[in-house]
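Let me begin by presenting the structure, written as structure tokens, before commenting on it.
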Amino acid sequence: MTVHGFSPSGNCHKLRLLLAQLDRPYRWVETDSANGATRTPAYLVKNPNGKVPMLELEDGRVLVESNAILHWLAEGSVFLPDDPWQRAQALSWMFFEQYSHEPYVAVARFICGWTELDSPRRAELPGLRRRAHEALAVMERHLGGQDWFTGPAYGIADIALHAYTHVAGEGGIALSPYPAIEAWCDRVRATPGFVPMPAPDARAAERIARSLAAG
């Protein structure tokens with residue numbers, strides 16, 4: 001199978017992490033979505049939505065949307081509960097990640113690292129950070145009584161939520177007010193086969209640093 005992904009993207013890293021922990025072979029095609037690589041005619045034929053990640057099978061079938069790909073890859077493994085109720089709980093957190101978490105945590109990080117310092121989009125940051133903290137507070141409450149988001153054990157809901165949570169600071173969203181989240185991030189990093197997300201390139205890292213210095 002082939003994964004088309006942008007390495008600094010949390011949505012793409014979800015697949016890299018699960019595939020590593022499943023010990024599944026795959027080919028990675030670096031696809032710089034920040035600079036138009038997903039808008040080419042050849043890419044849009046396969047994924048008209050023009051986003052990463054995209055999973056392409058040898059028979060030509062294509063699957064998109066990071067959490068749908070996680071669910072498909074994890075089928076029959078320890079990373080997806082067999083119990084219908086626990087599976088539904090895992091899915092509910094994955095929907096939460098895409099609807100109430102990623103649009104704020106991930107977008108704040110993107111604006112800080114992948115837009116120019118004078119971009120008008122930077123006016124969005126205060127609102128994005130406020131909504132991001134609302135999502136993190138929901139996660140913190142859950143982790144006050146549970147170790148994981150997938151059920152009684154680590155799995156795909158944890159992979160989905162960890163992707164952007166652990167780099168929230170790059171969007172100016174501190175995790176220090178959330179000790180349970182920080183402890184959960186440590187547990188995720190300690191899981192067998194864990195692989196870290198590649199760091200942003202030098203240009204993005206400089207923008208992040210300057211963004212955080214500006215407040």
Side-chain angles (χ1 to χ4, degrees), residues 1-33 37-40 42-103 105-107 135 139 142 146-167 184-185 187-189 191-198:
M1 68 182 74
T2 298
V3 176
H4 301 260
F6 183 44
S7 290
S9 160
N11 281 331
C12 297
H13 186 68
K14 295 172 187 178
L15 310 192
R16 177 176 268 153
L17 174 54
L18 179 59
L19 284 164
Q21 295 189 312
L22 288 169
D23 196 24
R24 295 274 299 274
Y26 68 98
R27 183 172 69 103
W28 181 276
V29 176
E30 189 67 20
T31 308
D32 189 351
S33 55
T38 61
R39 310 307 303 179
T40 65
Y43 193 90
L44 290 170
V45 165
K46 296 177 180 179
N47 182 5
N49 201 27
K51 294 183 179 181
V52 285
M54 176 173 71
L55 180 71
E56 187 174 9
L57 304 184
E58 289 185 10
D59 63 10
R61 286 182 295 167
V62 167
L63 185 60
V64 298
E65 299 298 333
S66 60
N67 288 350
I69 300 171
L70 286 182
H71 189 275
W72 185 79
L73 288 171
E75 188 67 49
S77 77
V78 297
F79 299 100
L80 181 63
D82 289 328
D83 178 80
W85 178 254
Q86 291 179 357
R87 181 180 290 229
Q89 292 294 313
L91 287 173
S92 75
W93 281 112
M94 295 171 78
F95 291 134
F96 167 86
E97 188 265 342
Q98 284 290 285
Y99 185 76
S100 300
H101 178 284
E102 192 265 3
V105 180
V107 174
M139 294 171 62
H142 173 79
Q146 306 287 334
D147 284 342
W148 305 107
F149 290 97
T150 309
Y154 166 79
I156 58 172
D158 300 281
I159 291 173
L161 282 163
H162 180 265
Y164 283 113
T165 298
H166 83 288
V167 290
W184 165 74
C185 286
R187 290 194 293 276
V188 173
R189 284 191 288 268
T191 56
F194 176 83
V195 291
M197 190 162 78

Restricting to side chain to side chain contact (heavy atoms under 4.5 Å, CB included), what partner residues turn up for Phe194, sequence neighbours left out? Leu17, Gln21, His162, Val188, Arg189, Thr191, Pro196
Pro192 versus Tyr154: any side-chain heavy-atom pair under 4.5 Å? no
side-chain hydrogen bond (donor to acceptor under 3.5 Å, both in side chains) between Trp148 and Gln146: does it pass, once the steps are laid out? CA-CA 6 Å; Trp148 305 107; Gln146 306 287 334; over 6 Å; no
Side chain to side chain contact (heavy atoms under 4.5 Å, CB included) between Trp184 and Phe149, intermediate numbers included: CA-CA 10 Å; Trp184 165 74; Phe149 290 97; 3.6 Å; yes
What heavy-atom pair brings Thr150 and Pro81 nearest, and what distance separates the two atoms? O-CG, 3.2 Å
Below 4.5 Å, heavy atoms only, C-beta onward: do Thr38 and Phe6 meet side chain to side chain? no
In short, Leu63 meets Ile69 closest at the heavy-atom pair O-CD1, 3.4 Å
Can you list every pair that meets salt bridge (charged side-chain N to carboxylate O under 4.0 Å, His left out) and has a residue in residues 150-161, with sequence neighbours left out? none
One pair to check against side chain to side chain contact (heavy atoms under 4.5 Å, CB included): Trp28 and Cys12. What are the steps and the verdict? CA-CA 10 Å; Trp28 181 276; Cys12 297; 3.9 Å; yes
Can you find a heavy atom in the side chain of Leu22 that is under 4.5 Å from one in the side chain of Leu73? yes
Looking at every heavy atom in both Ala160 and Met94, which two are closest together, and how far apart are they? CB-CG, 4.3 Å
Check the pair Leu70 / Ile159 against side chain to side chain contact (heavy atoms under 4.5 Å, CB included), numbers first and verdict last. CA-CA 9 Å; Leu70 286 182; Ile159 291 173; 4.2 Å; yes
Approximate separation, where rounding is to 0.5 Å, of Leu91 CG and Gln86 CD: 12.0 Å
For residues 11-28, which residue pairs pass the salt bridge (charged side-chain N to carboxylate O under 4.0 Å, His left out) check, not counting sequence neighbours? Lys14-Glu97
Would you check if the side chain of His13 reaches a backbone N or O of Tyr164 as a donor-acceptor pair within less than 3.5 Å? no
Minimum heavy-atom separation for Ser100 and Ala135, please, with both atom names. O-CB, 3.2 Å
Taking every non-hydrogen atom, the tightest pair across Ser7 and Glu30: OG-OE1, 2.7 Å
Show me the pairs that pass salt bridge (charged side-chain N to carboxylate O under 4.0 Å, His left out) and involve residues 70-94, at least two apart or across chains. Glu75-Arg87
At their closest point, which heavy atom of Ile156 faces which heavy atom of Ala74, and how far apart are they? CG2-CB, 3.5 Å
For the pair His101 (side chain) and Gln98 (backbone), establish whether a donor and an acceptor sit closer than 3.5 Å, ignoring hydrogens and angles. no
Atom pairs and distances, side-chain donor-acceptor, residues 51-58, under 3.5 Å, sequence neighbours left out:
from  : atom 1 : to    : atom 2 : distance (Å)
Glu56 : OE1    : His4  : NE2    : 2.9
Glu56 : OE1    : Lys46 : NZ     : 3.3
Glu56 : OE2    : Lys46 : NZ     : 3.1

Going by salt bridge (charged side-chain N to carboxylate O under 4.0 Å, His left out), name the pairs with one or both residues in residues 60-69, residues two or more places apart or in two chains. Asp59-Arg61
